[in-house]
Amino acid sequence: MKSLFQNKSNYDISFFLTMFCFCLIGVLNLYSITYSQKNSYLVNYQILWGVISISIGFILSFVKPKTLSSISYWVYGLNVFLLVLVLVLGKIGMGAQRWIGIGPIRIQPSEFMKVSLVFALARWFSKNSPDKSIKLINLFIPAGLVFVPMFLIYKQPDLGTSLILVFIFSFLIFYRKLRWRSIFQIAFSGVVISLIAYNFLLKDYQKKRIITFLNPYQDARNSGYNAIQSEIAIGSGLVFGKGYNNSSQASLNYLPEKHTDFVFSIFSEEHGFIGASLLIALFFLLFYRMIWLSKSVKNIYSSVFVIGILAIFFSHVFVNMGMVAGLLPIVGLPLPFMSYGGSSLLLFGIS
């Protein structure tokens, strides 16, 4: 066991404390969202999963990077198998087949695929391009590692999570010194693929999300309703907010999915611009610590791995806050440690 774990006499508790602060804020915010609707069981579940996530995160922080590297492809392969299992035996909820049921517990493998992909890409880049810039031809294998789970997740369907995998991949290839010529080639290809995907691959409701993003008032009572109510919640918070437990959008149940996708809207309504800014600053503190860590570690695998984890957190924060503020199309991505969900909390705890 000693070969798998490392001793840490000077344990860096900054990540642990930051995670605890987020979980505490998330639970308090969830209580405020649900107390008027008498959904206190959601808070109890969130506390339970929060404790489990923090505990697992604390234990994993002692695992040696060498151990993580050795199991990287196994972790990736296992998660791909679970994604296949979801399409065969998965439980259907809200029109999507994304969960595997284990007794009363439902697990969403697509959430864990984000960190599993980081495992695989960190291993590949550390072995195949440790000190040299990357050509386009060098990306076929890592692109394949991305495409397989991306396709399986898209079939669930879950467009938001599949795009997060692309974002993680993009983050890492830029970090690994991708040549500018290759960057322009990928950007051009991305535009072409996006046009093809919009016309031939996206489902009608996914196209509607894009149209609604451009003009939510075009269908204010249906597809544009969530976006409009979210903007109302954020705007009504003004500078200092309405105060804790004083969200009209939550108490009057105007905003659907307020405990998952739209938790930041309610938080902003109750705590205003000041509170929202402090929460964003706390996220940026976490990002800064990750960038510092990526420069401080002693091997390429660990450095790439940390940047991959940073990509997971940054993409969720950027997309979630952007969509609830009307800056991005609405997709089902949780805000780290704030949105309700056991799989989501476990993902960020492991990360």
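No experiment lies behind these values; they were computed from the predicted model shown.
Closest approach of L30 to L42, counting heavy atoms only: CD2-O, 3.7 Å. Closest of all the heavy-atom pairs between C21 and L282 is CB-CD2, 4.3 Å. Heavy-atom minimum distance, I168 versus G308: CG2-O, 4.4 Å. When every heavy atom of L335 is checked against every heavy atom of V317, the shortest pair comes out as CD1-CA, 4.0 Å. Residues S265 and V324 approach most closely at OG-CB, 3.4 Å, considering heavy atoms. Across N320 and D261, no two heavy atoms sit closer than the pair ND2-O, 3.1 Å.
Other residues, nucleotides and ligands place no more than 12 heavy atoms under 6.0 Å from the CZ atom of F147. For Y288, the OH atom sits in a loose shell: 12 or fewer heavy atoms of surrounding residues, nucleotides or ligands are nearer than 6.0 Å. In this structure, I141 places its CD1 atom where only 12 or fewer heavy-atom neighbours from other residues, nucleotides or ligands lie under 6.0 Å away. Residue F15 places its CZ atom among more than 12 non-hydrogen atoms of other residues, nucleotides or ligands, all under 6.0 Å distant. The environment of CZ in F20 is sparse: at most 12 heavy-atom neighbours from other residues, nucleotides or ligands sit within 6.0 Å.
In this structure, L345 CG and L48 CG are separated by 10.0 Å, a value rounded to the nearest 0.5 Å. In this structure, CE in M321 is found 13.0 Å from CG in L333, a value given to the nearest 0.5 Å. Rounded to the nearest 0.5 Å, atoms CZ (R289) and OG (S296) are 8.0 Å apart. Distance CG/L310 to OH/Y175: 10.0 Å, rounded to 0.5 Å. Interatomic distance, OG of S53 versus CD of Q46, reported as 8.5 Å (0.5 Å rounding). To the nearest 0.5 Å, the span separating OG1 on T34 from CG on N44 amounts to 9.0 Å.
Without hydrogens or angle criteria, S344 side chain to P334 main chain gives no donor-acceptor distance under 3.5 Å. Judged by distance alone, with hydrogens and angles left aside, the side-chain atoms of Y244 form a donor-acceptor pair with the main-chain N or O of L28 at under 3.5 Å. No donor-acceptor distance shorter than 3.5 angstrom exists from the side chain of E269 to the backbone of G235, with no hydrogens or angles considered. The backbone N or O of I153 lies less than 3.5 Å from no partner atom in the side chain of D158, so there is not a single donor-acceptor pair. With S69 contributing its side chain and P65 its backbone, the two residues share no donor-acceptor pair below 3.5 Å. For S343 (side chain) and E111 (main-chain N/O), no donor-acceptor pair under 3.5 Å exists by modelled atom type. Formation of a donor-acceptor pair under 3.5 Å by the S72 side chain with backbone atoms of L68 is found in this model. N29 places no side-chain N or O within 3.5 Å of a backbone atom of M338 that could act as its donor or acceptor partner.
Transitive grouping of hydrophobic side chains (ILVMFWY, heavy atoms separated by less than 4.5 Å) brings V63 and I13 into a common cluster. When the side chains of ILVMFWY residues are joined at heavy-atom separations under 4.5 Å, either directly or via intervening members, L286 and V297 end up in a single hydrophobic cluster. Hydrophobic cluster membership is shared by I307 and W292, with clusters built from Ile, Leu, Val, Met, Phe, Trp and Tyr side chains linked at under 4.5 angstrom. Put simply, F267 and L238 are part of two different groups of oily side chains (I, L, V, M, F, W, Y) that touch within less than 4.5 Å, one to the next. Hydrophobic cluster membership is shared by F119 and L60, with clusters built from Ile, Leu, Val, Met, Phe, Trp and Tyr side chains linked at under 4.5 angstrom.
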Side chain to side chain contact (heavy atoms under 4.5 Å, CB included), that's the test. Do F264 and S339 meet it? Break it down for me.
CA-CA 9 Å; F264 183 68; S339 296; over 6 Å; no
Under the ring-ring contact (aromatic ring centres under 6.0 Å, His included) criterion, do F287 and F284 qualify, and how do the steps go?
CA-CA 5 Å; F287 299 157; F284 270 98; 5.6 Å; yes
Between T161 and M113, is the side chain to side chain contact (heavy atoms under 4.5 Å, CB included) condition met? List the steps.
CA-CA 9 Å; T161 301; M113 191 67 239; over 6 Å; no
Test side chain to side chain contact (heavy atoms under 4.5 Å, CB included) applied to C23 and V27, step by step
CA-CA 6 Å; C23 286; V27 167; 5.5 Å; no
Checking side chain to side chain contact (heavy atoms under 4.5 Å, CB included) for the pair S230/I234: CA distance, chi angles, key distance, verdict?
CA-CA 6 Å; S230 178; I234 294 174; 4.2 Å; yes
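Taking 4.5 Å as the limit, some side-chain heavy atom of I232 sits within range of a side-chain heavy atom of I228. Contact annotation: the side chain of I56 approaches that of I350 to within less than 4.5 Å [non-hydrogen atoms, C-beta and beyond]. Between F313 and F337 the shortest side-chain heavy-atom distance falls below 4.5 Å. Counting heavy atoms from C-beta outward, V43 and Y340 have side chains that stay 4.5 Å or more apart. Side chains of L83 and Q156 form a contact here, defined as non-hydrogen atoms less than 4.5 Å apart. A 4.5 Å side-chain heavy-atom check between S294 and F305 finds every atom pair outside the cut-off. The closest side-chain heavy-atom distance from L165 to P149 is below 4.5 Å. Side-chain contact check for L121 versus F169: some heavy-atom pair is nearer than 4.5 Å.
Under the 6.0 Å cut-off for aromatic ring centres, F171 and F167 qualify, their centroids lying closer than that. The aromatic ring centroids of H316 and F348 lie less than 6.0 Å from each other. Taking the centre of each ring, F151 and Y154 stay at or above the 6.0 Å mark.
Ring-plane geometry between F314 and F318 is classed as parallel, the angle between the planes falling under 30 degrees on a 0 to 90 degree scale with a further cut at 60.
A cation-pi contact, defined as under 6.0 Å to the ring centre and within 45° of the axis, is absent between R123 and Y301.
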